[in-house]
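Before any comments, here is the structure.
By convention here, the first residue in the shown sequence is residue 1.
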Amino acid sequence: MRLLPLFLVLMVAPAHAVVLSASSMEIKFNYTAEFQTRENGEGIGLIDTHAQHLFGLFQSPGLVEQYRLHAETGGVAAPKLPIAFQIVSDRRKGGVRTIQYRASGLLLVNKKAARRVLAAGEWAITMPFDLDAFFDEKCTDEHYNTFGDFWYFYDPYRQGCSHLREAPLAKDVILKVKEAPQADADASASFADLRGDNGNGELFEIVTINGFSEDATNRRDEGRVSFGARNKWLRAQGFQETQIARYDNRPVYRYEKTVTTREGRDVLIRFTRLLAETSVTSKNVTFAKFFKTAVEGADVVIYAGHSGLGGNLDIAALEEKAGKFEFNAGKKQLFFFDGCSTYSYFLSVFEERKTKGKIDIMTNGLSSYFHTEGPTHDALYRSLLDPNADPKWSKVLKDMEDELGGSTYMLNVGPI
């Protein structure tokens, strides 16, 4: 269940640490746009609402087709949040406000599309002009079809929806683009550091959290099925299973196995795995407390579930349930947020909490799906669990996305 947007607003350009991706690259962008509304709210808040429509536009199957990407690819680009805004003018006439603003920031763009727009130096798109009348239920997701979800799920290229790309509802906008600094393609994943004495001796601790897809009471819920499949996979790899908590809607399992490096050092690999409701609106505090403990002490933290339009891993919301998060500045950690648009929602938030070199954050630029968790996570585990493997990040990312059959979630890692 996707619920809350997390679209931060700054008046200055945000700090930037580059990411590495096998399928996409970051580019800098800026644009000037204007729109009309009868709303009386704060100008920056209305600009926020307007700019959020970049999500729906860049995830349109129509754009995927234009750039000749794999048909199952869920979009072309994703904005990194926060975006910097500056109000140019805010005029009122006859009860209607016309707001013009400038925006600048970073986009993660599929490499095939990025090469084309960078060669042109600009990217011609359309954005809402009549903000109040822009909503059209027939041009959005059949399940997430409310006004509040429209900015993320609308598709202006859908048949019968071309009016969302035309006057008077929409207006042309030109994104000025140029290449951003790129990460070193030979950067090491440094998995040996995670498996080494990383503040916890011979223990290599991996904590994973699976969220439910729709219904915690449904035995066939995709989140529950994925959780059970990974448990079965771990047993098949020789891990010893212990059930720590037996609650049906929040079970916890532990898996342990000792491996030996070629140098003769023993490593105790421990998985601690939770299945729980992860929605920001859930009154249950299990997820928040479990996630806090993981972030503070585990070598690897993997979340597989809904993003909640940025709400589900919002640190402030989680701290209300679990207490203040204390990030260990000296501990090397890997976080993998396997949910929809996690590059946009969570990368900036978490990379600000630790210095570069002490944290690696894997995120998706596009929507990801429960049914692909198995093959993509197994590819990651094969590198993590091999006591002698210390691959480059480019190989890890490619191996994971190779499991998508030609599609991509624009999987990336940063800060590099």
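Distance alone, capped at 3.5 Å, places no donor-acceptor pair between the Glu277 side chain and the Ser279 backbone. With hydrogens and angles disregarded, a donor-acceptor distance shorter than 3.5 Å links the side chain of Asn312 to the backbone of Val280. Judged by distance alone, with hydrogens and angles left aside, the side-chain atoms of Lys331 form a donor-acceptor pair with the main-chain N or O of Asn198 at under 3.5 Å. Counting only distance, with no hydrogens or angles, the side chain of Lys171 and the backbone of Glu34 share no donor-acceptor pair below 3.5 Å. With hydrogens and angles ignored, the 3.5 Å screen pairs a side-chain donor or acceptor of Arg195 with a backbone N or O of Leu384. Formation of a donor-acceptor pair under 3.5 Å by the Thr73 side chain with backbone atoms of His70 is found in this model. Checked by atom type and distance alone, the side chain of Thr342 never pairs as donor or acceptor with a backbone atom of Asp338 at under 3.5 Å. Side-chain N or O atoms of Lys112 include none that pairs as donor or acceptor with a backbone N or O of Leu69 at under 3.5 Å. Using modelled atom types, one side-chain atom of Gln182 and one backbone atom of Glu26 make a donor-acceptor pair closer than 3.5 Å. Between the side chain of Ser394 and the backbone N or O of Ala185 there is at least one donor-acceptor pair closer than 3.5 Å.
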- request: For the pair Phe153 and His143, evaluate ring pair (Phe, Tyr, Trp, His ring centres under 6.0 Å) and give the outcome as yes or no after the intermediate values.
  value: CA-CA 10 Å; Phe153 293 100; His143 301 292; 9.9 Å; no
- request: Apply ring pair (Phe, Tyr, Trp, His ring centres under 6.0 Å) to Phe129 and Phe35, showing your working.
  value: CA-CA 4 Å; Phe129 180 66; Phe35 61 93; 8.4 Å; no
task: Starting from the C-alpha separation in whole Å, work towards a yes-or-no answer on side-chain contact (heavy atoms from CB on, under 4.5 Å) for Tyr67 and Asn110.
output: CA-CA 9 Å; Tyr67 287 97; Asn110 184 289; over 6 Å; no
- request: Please test Leu108 against Asn412 for side-chain contact (heavy atoms from CB on, under 4.5 Å), starting from the C-alpha separation and ending with a verdict.
  value: CA-CA 9 Å; Leu108 186 68; Asn412 64 90; 3.5 Å; yes
Side chain to side chain donor-acceptor pair (under 3.5 Å) evaluation trace for Asp390 with Ser190: CA-CA 6 Å; Asp390 198 19; Ser190 300; 5.4 Å; no
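Side-chain contact of Thr261 with Glu263: a donor-acceptor pair under 3.5 Å is present, judged by distance alone. Side chain to side chain, Asn210 and Glu373 meet the donor-acceptor criterion of an N or O pair below 3.5 Å. Ser341 and Asn364 form no side-chain donor-acceptor contact under 3.5 Å, judged by distance and modelled atom types alone. There is no side-chain donor-acceptor pair under 3.5 Å between Ser282 and Asn284. Looking at Asp266 and Thr258, their side chains never bring a donor and an acceptor atom within 3.5 Å of each other. When only modelled atom types and interatomic distance are considered, Ser23 and Thr408 share a side-chain donor-acceptor pair under 3.5 Å. Residues Lys354 and Gln333 bring a donor and an acceptor atom of their side chains to less than 3.5 Å of each other. Using modelled atom types and a 3.5 Å distance limit, the side chains of Asp48 and Gln52 yield a donor-acceptor pair. Residues Arg273 and Asn231 have side chains that bring a donor and an acceptor to within less than 3.5 angstrom of each other. Side-chain N/O atoms of Asp172 and Thr126 include no donor and acceptor closer than 3.5 Å. Judged by distance alone, the side chains of Asn145 and Thr140 never bring a donor and an acceptor atom under 3.5 Å apart.
Residues Ser60 and Leu57 are not in side-chain contact: their nearest non-hydrogen atoms beyond the backbone lie 4.5 Å or more apart. The shortest side-chain heavy-atom distance between Ile99 and Ile47 falls under the 4.5 Å cut-off. Residues Glu296 and Phe327 fail the side-chain proximity criterion, which asks for heavy atoms closer than 4.5 Å.
Salt-bridge formation is detected for the pair Glu351/Lys80: a Lys NZ or Arg NE/NH1/NH2 atom is positioned less than 4.0 Å from an Asp or Glu carboxylate oxygen. Taking the charged nitrogens against the carboxylate oxygens, Asp184 and Lys392 have no contact shorter than 4.0 Å, which rules out a salt bridge. With respect to the salt-bridge test (charged N to carboxylate O, under 4.0 angstrom), the residues Lys292 and Glu320 do not qualify. Ion pair Asp155/Arg165 not flagged as a salt bridge, since none of the NZ, NE, NH1 or NH2 atoms sits closer than 4.0 Å to an Asp/Glu carboxylate oxygen. The pair Arg265-Glu202 does not meet the salt-bridge criterion, since no charged nitrogen lies less than 4.0 angstrom from a carboxylate oxygen. For Asp378 and Arg382, the salt-bridge test fails: no basic side-chain N is under 4.0 Å from an acidic carboxylate O.
Geometrically, Arg250 does not engage Phe287 in a cation-pi contact defined by less than 6.0 Å to the ring centre and at most 45° from the axis.
The aromatic ring centres of Phe212 and His306 sit 6.0 Å or more apart. Separation of the Phe191 and Trp393 ring centroids falls under the 6.0 Å cut-off. You'll find the ring centres of Phe271 and Tyr253 outside the 6.0 Å limit. For Phe134 and His53, the ring centers are positioned less than 6.0 Å apart. Aromatic ring centroids of Phe85 and Tyr101 lie under 6.0 Å apart. Here Tyr154 and Phe147 keep their ring centres 6.0 angstrom or further from each other. Side-chain rings of Trp123 and Tyr31 stay apart, their centers remaining 6.0 Å or farther from each other. For Tyr152 and Phe55, the ring centers sit closer than 6.0 Å to each other.
Here OH of Tyr409 is found 9.0 Å from CD of Glu401. Values are rounded to the nearest 0.5 Å. Met400 CE to Tyr381 OH: the interatomic distance, rounded to the nearest 0.5 Å, is 9.0 Å.
Tyr255 pairs with exactly one of Gln240, Glu241, Arg270 by the side-chain hydrogen bond (donor to acceptor under 3.5 Å, both in side chains) rule, that one being Glu241.
Dense packing is recorded around CD of Gln237, with more than 12 heavy atoms of other residues, nucleotides or ligands lying under 6.0 Å away. The neighbour count for Lys178 NZ, taken as heavy atoms of other residues, nucleotides or ligands under 6.0 Å away, does not exceed 12. In the displayed structure, Lys398 atom NZ is contacted under 6.0 Å by at most 12 heavy atoms of other residues, nucleotides or ligands. More than 12 non-hydrogen atoms from other residues, nucleotides or ligands lie less than 6.0 angstrom from CD of Gln66.
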